[in-house]
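One structure is given here, and the rest of the page talks about it.
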Amino acid sequence: MALRRPAQENGGRDCDSKKKRKEAEIYQALNSDPVDVAALRRMAISEGGLLMDEIRCRVWPKLLNVNTEDLPPPPGMPDEQREGLQEELIDSILQVLHRNPQLHYYQGYHDIVVTFLLVVGERLATALVEKLSTHHLRDFMDPTMDNTKHILNYLMPIIDQVNPELHDFMESAEVGTIFALSWLITWFGHVLSDFRHVVRLYDFFLACHPLMPIYFAAVIVLHRAQEVLACECDMASVHHLLSQIPQDLPYETLISRAGDLFVQFPPSELAREAAQQQAERTAASTFKDFELASAQQRPDTVLRQRFRDRLRVEERAKSLLATKPRTNRFVKLAVMGLTVALGAAALAVVKSALEWAPKFELQIFP
């Protein structure tokens, strides 16, 4: 009698075979002349994404239309003398901001930059992040948060289209959309602990419309509808629940759902409702949370923050300078007197985190 393989083993073999087929299709698209970017986008969106970092190093530049044959050399000292990932992170951020003075650092930007550094290395990461900063992330890098607020205003209309009961409950609770701010501006890199999930989402977002992250945020809320509806209908309870994002989400299912919702309810159809929501919220003065968060980005606030930390940071810098040949980057920036945007970038990287609105009970970055 023939022996039957266990179902789990068969499933594993099928999965491996499926991955190998997809890998072959990706390389076929890469090796086409010209490169089949449309096929690469489909691969990045479909189940499993781009599979591995080795492939991402080749595909992400194609998705962003970045020429990898003409990358600028990394600045500073040779790699063996560098002070680790933090130095690379600061270098990449400063290069992008220096070459694009119209861009402004925002809290959370470094979460995106470090993801690219870990996947593709400094030279390529800097080129990709610069392209991303002038396109997908452009609205987040304005001097004010007005465009960021506008993007967040798409969240509730998407929810309303799918689950009006959930929408009305959240409106009654007056929870707003602040819970999703860190999701949006870091592409979930700040809130997900498993790096595999982060890069899977980056595959998806890089291949899609710049507003896709807000659709993904909406499907997370919709996925948790029963939990939300079981809450007390007040802002604190609903905000607390939604701001604690689960780590075991069914990512592939949610990615597929977000794509479906984008097709069903494209931004052009939701734009009027999003604009109306902005007008109503502004008139009702319910965006105090945003104003508090935005205040932390203003030059006067950044300078005050820098002044409070200067003595401690400079004392630490003195000890570093006594033993290391490379001058501490934060002190360099202070001495050189670069723009506030560059100073804020350095401060945000050197410190573990910039506290946003310390008196605001519902912190944006928990």
Side-chain angles (χ1 to χ4, degrees), residues 50 53 56-57 59-61 63-66 68 71-76 79 82-142 145 148 181-207 210 212-213 296-297 302 328-330 332-333 338-354 356 364-365:
L50 296 175
D53 288 352
R56 292 184 176 100
C57 288
V59 175
W60 282 5
L63 298 180
L64 288 175
N65 193 27
V66 169
T68 59
L71 298 176
D79 288 343
R82 301 186 64 82
E83 296 176 6
L85 183 62
Q86 179 171 289
E87 278 293 316
E88 295 181 359
L89 181 59
I90 297 172
D91 279 341
S92 293
I93 291 174
L94 295 185
Q95 282 189 77
V96 172
L97 295 179
H98 179 69
R99 287 200 293 262
N100 300 273
Q102 77 279 13
L103 302 179
H104 297 263
Y105 176 86
Y106 64 87
Q107 175 67 4
Y109 183 66
H110 62 278
D111 286 294
I112 288 181
V113 179
V114 79
T115 300
F116 281 89
L117 283 172
L118 291 170
V119 173
V120 304
E122 183 182 0
R123 289 184 68 200
L124 184 52
T126 302
L128 296 181
V129 168
E130 181 169 9
K131 189 63 170 289
L132 197 67
S133 300
T134 56
H135 292 81
H136 290 66
L137 305 179
R138 181 63 185 86
D139 287 330
F140 308 146
M141 304 190 75
D142 281 341
M145 295 184 69
T148 303
L181 179 58
S182 64
W183 305 357
L184 178 67
I185 65 178
T186 70
W187 279 11
F188 297 84
H190 182 79
V191 294
L192 297 181
S193 59
D194 192 326
F195 192 68
R196 294 173 303 167
H197 297 152
V198 175
V199 294
R200 172 66 187 101
L201 288 180
Y202 277 43
D203 292 342
F204 178 48
F205 296 151
L206 286 170
M212 188 57 78
Q296 301 302 306
Q297 304 276 17
V302 173
N328 180 273
R329 181 60 56 88
F330 180 77
K332 271 189 180 179
L333 293 175
L338 295 178
T339 65
V340 171
L342 298 187
L347 176 62
V349 175
V350 173
K351 293 186 63 182
S352 60
L354 174 65
W356 279 26
I364 298 170
F365 284 78

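Residue V113 comes nearest to S92 through the heavy atom pair CG1-CB, 4.0 Å, listed as atom of the first residue, atom of the second, then distance. Of all non-hydrogen atoms in L117 and E122, the two that sit nearest each other are CD2-CA, 3.5 Å. Nearest heavy-atom pair across T148 and D139 is OG1-O, 3.7 Å. The two residues H197 and L192 make their nearest non-hydrogen contact at CB-CD1, 4.2 Å. Smallest separation of non-hydrogen atoms from L64 and L128: CD1-O, 3.7 Å. S133 and V96 get closest at one heavy-atom pair: OG-CG1, 4.0 Å.
Going from atom CH2 of W183 over to atom NE2 of H190 covers 12.5 Å, rounded to the nearest 0.5 Å. Residue T115 holds its OG1 atom at 10.0 Å from NE2 of H110, rounded to the nearest 0.5 Å. Note: N100 CG to T134 OG1 = 6.5 Å, rounded to the nearest 0.5 Å. Taking CD1 from I185 and CD from Q107, the interatomic distance works out to 7.5 Å, rounded to the nearest 0.5 Å. Atom OH in Y109 sits 6.5 Å away from atom CD1 in I93 (nearest 0.5 Å). The line from OG1 of T126 to CG of D91 is 7.5 Å long, rounded to the nearest 0.5 Å.
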Verdict with reasoning, M145 to L181, per side chain to side chain contact (heavy atoms under 4.5 Å, CB included)
CA-CA 11 Å; M145 295 184 69; L181 179 58; 3.8 Å; yes
Test side chain to side chain contact (heavy atoms under 4.5 Å, CB included) on W187 and L132 and set out the steps.
CA-CA 12 Å; W187 279 11; L132 197 67; 3.6 Å; yes
Run the side chain to side chain contact (heavy atoms under 4.5 Å, CB included) check on R56 and D53 step by step: do they pass?
CA-CA 5 Å; R56 292 184 176 100; D53 288 352; 3.0 Å; yes
Worked verdict on R138 versus Q102 for side chain to side chain contact (heavy atoms under 4.5 Å, CB included):
CA-CA 10 Å; R138 181 63 185 86; Q102 77 279 13; 3.8 Å; yes
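For Y202, the side chain to side chain donor-acceptor pair (under 3.5 Å) criterion is met by no residue, not counting sequence neighbours. Judged as a side chain to side chain donor-acceptor pair (under 3.5 Å), and not counting sequence neighbours, the contacts of R200 are E252. For W60, the ring-ring contact (aromatic ring centres under 6.0 Å, His included) criterion is met by F116, not counting sequence neighbours.
Looking only at distances, a side-chain donor or acceptor of H135 sits under 3.5 Å from a matching main-chain atom of K131.
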